[in-house]
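First comes the structure, then the notes that go with it.
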Amino acid sequence: MEALTLRPATEPVIRVTAMPADANAYGDIFGGWLLCQMDMGAGLLAARHSRGRAVTIAMDGVQFLKPVKVGDEVSVYGEIRKVGRSSMTIAIEAWRRDRFQHEAQKVTEAVFTFVAVDDAGRPRPVVQE
Ligand SMILES: CCCCCCCCCCCCCCCC(=O)SCCNC(=O)CCNC(=O)[C@H](O)C(C)(C)COP(=O)(O)OP(=O)(O)OC[C@H]1O[C@@H](n2cnc3c(N)ncnc32)[C@H](O)[C@@H]1OP(=O)(O)O
């Protein structure tokens, strides 16, 4: 249970409120909307790390652990796990917090792979720091 309540120590890459338009017929937030937030968060990390354009090539290991409700604060955390020649493997977690409470819970996790591309959309080497 601790793994679902011990928030990452880093700053979130994205923080947003889940709105009614993002919900399904049961009042829970669409998983697709959450994945979009996660992809955007991973995209920010990939673009910053590679100092340029980077696109999603794969999304693995998606797990929806808990539902998100309308009005929840959703925070996306990410960490670059591996850098290849042109690819970056990024672990992403989404956390929810009831807007009236302090505690947060991990709701979704996935591993995104981004590829740094040039202006023509061809893979380019990631600058190694
Ligand atoms: C409001 C509610 C709406 C709800 C609605 C529902 C929606 C619910 C879903 C939302 C989810 C959001 C997720 C959106 C995610 C996009 O938006 S996906 C669309 C955007 N992405 C694209 O358009 C990219 C399309 N792909 C490409 O253009 C080409 O594949 C690329 C990226 C240029 C790569 O070209 P390539 O010739 O395959 O390159 P190649 O040299 O073979 O490989 C490049 C590197 O990738 C690695 N690689 C290749 N394949 C893989 C793989 N499968 N896995 C890992 N690494 C790989 C290689 O190992 C290589 O790594 P390095 O050794 O260089 O480090």
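Side chains are part of it too, since the values below use all heavy atoms of this structure and drop only hydrogens, waters and symmetry mates. Numbers here are sequence positions counted from 1. Whatever order the structure lists ligands and atoms in, that order sets their numbers, starting from 1.
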How about Asp60: does its CG atom have over 12 heavy atoms from other parts shown lying under 6.0 Å from it?
yes
Test your reading of the model: is there a side-chain donor-acceptor pair from Asp72 to the backbone of Val74, 3.5 Å cut-off?
no
Short question: side chain of Asn24, backbone of Gly27 - any donor-acceptor pair under 3.5 Å?
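Flag set: sc Asn24 to bb Gly27 pair under 3.5 Å.
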Would you say the side chains of Arg15 and Ser75 form a donor-acceptor pair under 3.5 Å?
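Indeed, the side chains of Arg15 and Ser75 share at least one donor-acceptor pair under 3.5 Å.
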Distance filter under 4.0 Å, heavy atoms only, around ligand 1 gives Gly32, Leu35, Cys36, Asp39, Val55, Thr56, Ile57, Ala58, Gly84, Arg85, Ser86, Ser87, Thr113, Val115, Val117, Gly121, Pro123
To the nearest 0.5 Å, atom CG of Leu34 lies from atom CZ of Arg96 at 11.0 Å
When Ile, Leu, Val, Met, Phe, Trp and Tyr are grouped by side-chain heavy atoms lying under 4.5 Å apart, directly or through other members, which residues fall in the same group as Val111?
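None; Val111 is a cluster of one.
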